[in-house]
Amino acid sequence: MKNSSKPINFIENKIKSDLENGVVERVITRFPPEPNGFLHIGHAKSICLNFGLADKYGGDCNLRFDDTNPEAEDQRFVDAIIKDVEWLGFKQNIRPKYASDYFDQLYEWAIFLISEGKAYVCELNAEQIREYRGTLKLPGRNSPYRERLVEENLSLFEKMKNGEIPEGAMTLRAKIDMTSGNINLRDPVMYRIKKSSHQRTGDKWCIYPSYDYAHGQEDAIEKITHSICTLEFASNRPLYDWFISNLPVHAEPKQYEFGRLNLNYTITSKRKLKQLVDENYVHGWDDPRMPTISGMRRRGISPAAIRNFCNSLAVAKTDGIVDMAQFEYFVRDDLNNNSPRAMCVFDPLRLTVVNYDDAKLDQIKIQNHPNRPDLGSRETRFGKTLFIEKSDFSDDETLSRKKFKRLVINDYVRLRGSFILKAEKIIKDEQGSITEVLVRIIPNTIGADAPEGIRPRGVIHWVDQDSSVDCSVNLYDRLFNVPSPDSDQDNFLQHFNTESLIFITGCKAEGLLQKAAPGEVFQFERQGYFTRDLAESDSLTFNRSISLRDSWESKL
RNA sequence: UGGGGCGUCGCCAAGUGGUUAAGGCAACGGGUUUUGAUCCCGUCAUUCGGAGGUUCGACUCCUCCCGCCCCAGCCA
């Protein structure tokens with residue numbers, strides 16, 4: 001959104017009115033990931049929303065790990081998430097909070113609920129609980145253990161905590177309403193027995209609180225004022241409220257739901273992303289093809305581009321699918337403005353300058369950016385032997401100027417930042433393929449208009465042979481071949497784009513690219529934006545962040 | 001069909017009884033250009049899921065209908 005101010009969404013409106021009406025004096029939000037995977041672009045939207053709102057209204061936003069299920073979680077994910085949030089630019093040296101810090105308090109509150117006769121230890125197994133729960137149209141039935149005496153519940157719950165009960169044998173359930181139309185209210189499980197050690201609390205606990213029991217109370221403890229989550233939690237809200245109003249908590253957080261981000265041609269389901277990783281479709285969570293924050297980082301996409309994109313998104317209750325093109329727009333916008341230009345030839349064709357002596361120079365000064373003089377210029381060698389893209393040359397003189405704005409035999413073209421030249425002679429090998437082209441430069445055409453009577457067809461990129469450096473490039477493309485791989489439930493893997501990564505070797509890059517720092521992004525003129533991979537490596541490899549917008553192929 | 005939520009241009013989305021129905025992306029024209037990039041200009045919903053109704057007046061209120069999403073984990 002350039003010149004228009006963005007409309008204020010319903011959550012921000014609520015915050016504004018709560019502030020104005022004194023409902024809250026300071027807004028406190030939170031971003032509560034479970035450390036069971038890496039953060040993706042959908043999380044980025046939530047991060048921008050939560051931290052953004054807190055910033056805008058002078059409040060605060062907590063990064064809090066919802067680590068209530070040790071079986072799925074790992075310290076490695078905690079570390080990755082912290083790194084990603086900081087990288088996105090919201091907090092320096094962030095000090096995260098953890099649900100596990102509140103396990104003692106949560107346990108005490110559970111005892112409180114039992115004492116109030118509002119929770120009970122149930123001995124139904126998982127399958128029986130499901131049967132008793134009823135279905136979407138049929139009400140549930142009360143558990144036979146529902147009316148247990150408080151004292152018995154207390155002692156049983158203690159036994160659960162002490163590890164005296166096997167996994168799966170008992171649960172602590174809230175006593176609410178087995179006939180509720182909202183299935184979440186049919187005596188939800190508050191605690192289950194899991195005898196696995198937790199990445200932070202070790203073996204202290206063998207019972208762990210469920211999301212529904214834990215989340216609202218975590219919010220209350222942290223005095224969260226606006227607990228923002230995605231739409232699928234809407235039917236959990238009455239339960240969220242039930243715990244808050246039945247427990248002696250010292251705050252009354254409120255939950256608000258917005259539509260999560262979906263992008264076409266990719267997926268934003270942690271479970272499915274994990275599957276891509278586990279089954280080696282990609283090379284890890286930070287594979288540049290992944291819509292993860294870390295993947296995008298390796299792809300050379302800046303935090304600002306991601307933030308700009310997220311801020312362009314609507315916060316509403318509709319669940320739509322945003323065009324990947326919208327994301328790409330913000331990526332290109334940022335990269336175009338900030339990336340110095342350089343040249344790299346992927347599929348080299350040798351050019352020999354027959355009148356090299358007429359050049360009368362061997363170094364050329366080239367601007368690093370057409371619209372930003374502050375990015376300076378560089379010296380590039382201009383030698384007798386050059387490389388251009390094979391696809392930038394044609395021996396077909398009948399090609400129209402409009403259709404082929406490149407080099408054609410017996411015609412002129414401009415080398416970017418350099419001379420205008422003419423292709424004079426084609427050299428072929430025994431098989432008849434073109435191996436070299438002899439060209440003649442037009443003297444004094446650097447930085448000057450074409451002389452009378454000479455009309456170069458266009459401008460092409462090039463590289464000097466002697467000063468060039470060999471490199472490889474990774475060309476990334478969309479992860480899936482169909483717009484909505486997610487909608488096909490189980491078979492999203494069938495739509496995996498096997499050409500989402502194309503590796504090209506034997507490329508010739510300008511010498512200065514040898515010194516490119518990992519993560520540094522360049523625009524390879526006429527090719528796209530490329531960044532040197534973050535991974536330590538002796539070889540010179542560039543990852544394509546994104547191609548240049550191309551309105552030409554589509555018109556042919 | 002128990003409960004909850006949503007349907008405005010190809011995509012996202014403003015709009016809360018009186019506006020010519022914002023804006024962004026995409027697309028399509030045209031201009032500038034030593035990147036077929038960027039940039040600039042222009043075009044792009046007589047219509048708001050459908051049908052009725054209330055009203056001088058409805059995308060906005062009412063009724064009915066249609067469609068889509070979420071909930072039946074001891075996941076979050």
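- Rounded to whole Å, the separation between the C1' atoms of B/rA14 and B/rA22 comes to 6 Å.
- Across all strands shown, B/rU43 is found opposite B/rA27 as a Watson-Crick or G-U wobble partner, with both distances under 3.5 Å.
- Taking the charged nitrogens against the carboxylate oxygens, A/Arg406 and A/Glu389 have no contact shorter than 4.0 Å, which rules out a salt bridge.
- Contact check on A/Arg148 versus A/Glu123 returns a salt bridge, with a Lys/Arg side-chain nitrogen under 4.0 Å from an Asp/Glu carboxylate oxygen.
- Comparing B/rA76, B/rA37, B/rC11 by their nearest atom to the side chain of A/Ser210 picks out B/rA76.
- A salt bridge does not link A/Glu222 with A/Arg30: none of the charged nitrogens is closer than 4.0 Å to a carboxylate oxygen.
- Closest approach to the A/Arg526 side chain among B/rC39, B/rA76, B/rG36 is made by B/rG36 (side chain taken as heavy atoms from C-beta onward).
- Rounded to whole Å, the P atom of B/rU20 lies 25 Å from the corresponding atom of B/rG7.
- Taking side-chain N and O atoms only, A/Arg271 has no distance below 4.0 Å to OP1 or OP2 of B/rC75.
- With both ends at atom C1', the span from B/rA13 to B/rG2 equals 33 Å, rounded to whole Å.
- Among the atoms of the strands shown, base atoms are found under 4.0 Å from some heavy atom of A/Asn236.
- Nucleotide B/rG73 carries a syn base; the chi torsion (O4'-C1'-N9-C4 or O4'-C1'-N1-C2) is within 90° of 0.
- Base engagement by A/Thr445 is indicated by at least one non-hydrogen atom pair under 4.0 Å involving a base atom.
- Checked against B/rG24, B/rA76, B/rA14, the side chain of A/Gln326 finds its nearest nucleotide in B/rG24.
- Judged by the 6.0 Å distance and 45° axis criteria, A/Arg173 is not positioned over the aromatic ring of A/Tyr120.
- The pairing partner recorded for B/rG18 is B/rC56, the criterion being a Watson-Crick or G-U wobble arrangement whose two distances lie under 3.5 angstrom.
- Judged by Watson-Crick or G-U wobble contacts below 3.5 Å, the nucleotide B/rG7 has B/rC66 as its partner.
- B/rG31 and B/rG15: their C1' atoms are spaced 35 Å apart (whole Å).
- Within 4.0 Å (heavy atoms only), A/Leu136 reaches at least one base atom of the nucleic acid.
- Nucleic acid contact for A/Arg133: sugar-phosphate only, since backbone atoms but no base atoms lie under 4.0 Å from a heavy atom of the residue.
- Among the heavy atoms of the strands, none lies under 4.0 Å from A/Arg237.
- Taking atom C1' on both nucleotides, B/rG4 is separated from B/rG18 by 34 Å, rounded to a whole Å.
- When each of B/rG10, B/rC75, B/rC74 is scored by its nearest atom to the side-chain atoms of A/Asp323, the top-ranked nucleotide is B/rG10.
- Only the P atoms considered, B/rU16 is 24 Å distant from B/rC11, to the nearest whole Å.
- Place A/Glu71 and A/Glu232 on RNA chain B by their nearest nucleotides, and A/Glu232 ends up nearer the 5' end.
- Counting any heavy atom pair closer than 4.0 Å across all strands shown, A/Gly168 reaches a base atom.
- Of the P atoms belonging to B/rC9 and B/rA51, the separation is 16 Å, rounded to the nearest Å.
- Mapping A/Ile183 and A/Arg186 onto RNA chain B by nearest heavy atom places A/Arg186 closer to the 5' end of the strand.
- Nucleic acid contact class of A/Glu34 (heavy atoms, under 4.0 Å, all strands): sugar-phosphate only.
- Here A/Lys317 lies in heavy-atom contact (under 4.0 Å) with sugar-phosphate atoms only.
- A 3.5 Å limit on both hydrogen-bonding distances identifies B/rC71 as the Watson-Crick or G-U partner of B/rG2.
- In this structure, A/Lys272 forms a cation-pi arrangement with A/Phe492, its terminal cationic atom sitting closer than 6.0 Å to the ring centre and no more than 45° off the ring axis.
- Nucleotide B/rC75 holds its C1' atom 13 Å from the NZ atom of A/Lys274, rounded to whole Å.
- Not one side-chain nitrogen or oxygen of A/Ser312 sits closer than 4.0 Å to the OP1 or OP2 atom of B/rC25.
- Between the C1' atoms of B/rC71 and B/rA45, the separation comes to 36 Å (whole Å).
- When heavy atoms are screened at a 4.0 angstrom cut-off, A/Pro370 is found touching base atoms of the nucleic acid.
- Under 4.0 Å is where a charged nitrogen must lie from a carboxylate oxygen, and between A/Glu218 and A/Lys97 no such pair does.
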